[in-house]
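Some notes on the structure that comes next.
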Amino acid sequence: VSGYIYHSSWPSDSTINNNLGSGYPLVGILSVNGNTQSTHAVVVSGCTTSISILVMDPEFGFTTASRFGSSYVYSSGYSGARLRTIGAVRKK
């Protein structure tokens, strides 16, 4: 996707909101069960500052990830794996 760049850390809520407000969803990179070598990608299409983000997980569909420290977490509705944000591919 033109203009998108990989970032190895999860962005701030203001960066997420700036991207989403400008019409640029983010691709969230998540660790699987705490293993940063085993990752999963989702589309981040919404953010409630400091509370949760709306994700579209290609494995099972839409869900929300809750704030956990400086990242967001959720459990897969398909596999039951615990997923935590660790990086992002984003426009801004």
Side-chain angles (χ1 to χ4, degrees):
V1 177
S2 179
Y4 275 67
I5 299 170
Y6 169 74
H7 297 267
S8 62
S9 61
W10 186 249
S12 68
D13 289 339
S14 62
T15 298
I16 295 169
N17 283 321
N18 286 340
N19 274 265
L20 296 175
S22 297
Y24 301 118
L26 292 84
V27 176
I29 309 301
L30 298 95
S31 65
V32 178
N33 294 324
N35 181 350
T36 58
Q37 299 303 308
S38 177
T39 59
H40 183 67
V42 299
V43 175
V44 177
S45 58
C47 179
T48 304
T49 304
S50 300
I51 299 171
S52 63
I53 56 173
L54 176 63
V55 301
M56 199 301 287
D57 187 317
E59 186 177 52
F60 68 92
F62 288 94
T63 192
T64 56
S66 299
R67 181 74 138 169
F68 184 76
S70 61
S71 60
Y72 290 87
V73 297
Y74 69 97
S75 293
S76 168
Y78 178 77
S79 67
R82 182 176 181 272
L83 299 141
R84 180 180 62 87
T85 57
I86 58 171
V89 178
R90 57 187 170 88
K91 185 83 168 185
K92 297 180 176 187

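Because the structure is a prediction, the values reported are computed rather than measured.
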Inset, instruction - For Thr15 and Trp10, run side chain to side chain contact (heavy atoms under 4.5 Å, CB included): C-alpha distance rounded to whole Å, both residues' side-chain angles, the deciding distance at 0.1 Å, then the answer. - result: CA-CA 10 Å; Thr15 298; Trp10 186 249; over 6 Å; no

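- Here the CZ atom belonging to Arg84 is positioned 13.5 Å from the OG atom belonging to Ser75, to the nearest 0.5 angstrom.
- The CG atom of Leu30 sits 8.5 Å away from atom OG1 of Thr39, with the distance rounded to the nearest 0.5 Å.
- Under the 3.5 Å distance criterion, the side-chain polar atoms of Thr48 are left unmatched by any main-chain donor or acceptor of Ile51.
- Within the 3.5 Å criterion, the main-chain N or O of Lys92 finds a donor-acceptor partner in the side chain of Asn19.
- By the neighbour-count criterion of 12 heavy atoms within 6.0 Å, atom OH of Tyr78 is sparsely surrounded, having that number or fewer from other residues, nucleotides or ligands.
- Looking at every heavy atom in both residues, Val44 comes nearest to Gly28 through CG2-N, 4.1 Å.
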Legend entry - side chain to side chain contact (heavy atoms under 4.5 Å, CB included) assessment of His40 paired with Ile29: CA-CA 6 Å; His40 183 67; Ile29 309 301; over 6 Å; no

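- Residues Ser38 and Asn33 form no side-chain contact, since every pair of their non-hydrogen atoms from C-beta on lies 4.5 Å or further apart.
- Put simply, Tyr24 and Val27 are part of the same group of oily side chains (I, L, V, M, F, W, Y) that touch within less than 4.5 Å, one to the next.
- Side-chain atoms of Asp57 and Tyr74 include a donor-acceptor pair closer than 3.5 Å.
- Taken from CD1 in Ile86 to OG in Ser31, the straight-line distance is 5.0 Å, to the nearest 0.5 Å.
- Both tests hold for Arg82 against Phe68: distance to the six-membered ring centre under 6.0 Å, angle to the ring axis within 45°.
- Considering only heavy atoms from C-beta on, Leu83 comes within 4.5 Å of Val32 through its side chain.
- Lys91 and Ser22 are not linked by any side-chain donor-acceptor pair at a separation below 3.5 angstrom, with hydrogens and angles left out of the test.
- Looking at heavy atoms from C-beta onward, Leu20 lies in side-chain contact with Leu26 at the 4.5 angstrom threshold.
- Residue Pro11 comes nearest to Ala88 through the heavy atom pair CD-CB, 3.8 Å, listed as atom of the first residue, atom of the second, then distance.
- Note: Thr63 OG1 to Leu54 CG = 8.5 Å, rounded to the nearest 0.5 Å.
- Under the 4.5 Å side-chain criterion, counting only non-hydrogen atoms from C-beta, Met56 is not in contact with Ser45.
- Checking side-chain atoms of Thr85 against main-chain N and O of Tyr72 turns up a donor-acceptor pair under 3.5 Å.
- For the residue pair Ala41 and Pro58, the shortest heavy atom distance occurs at O-CD, 3.5 Å.
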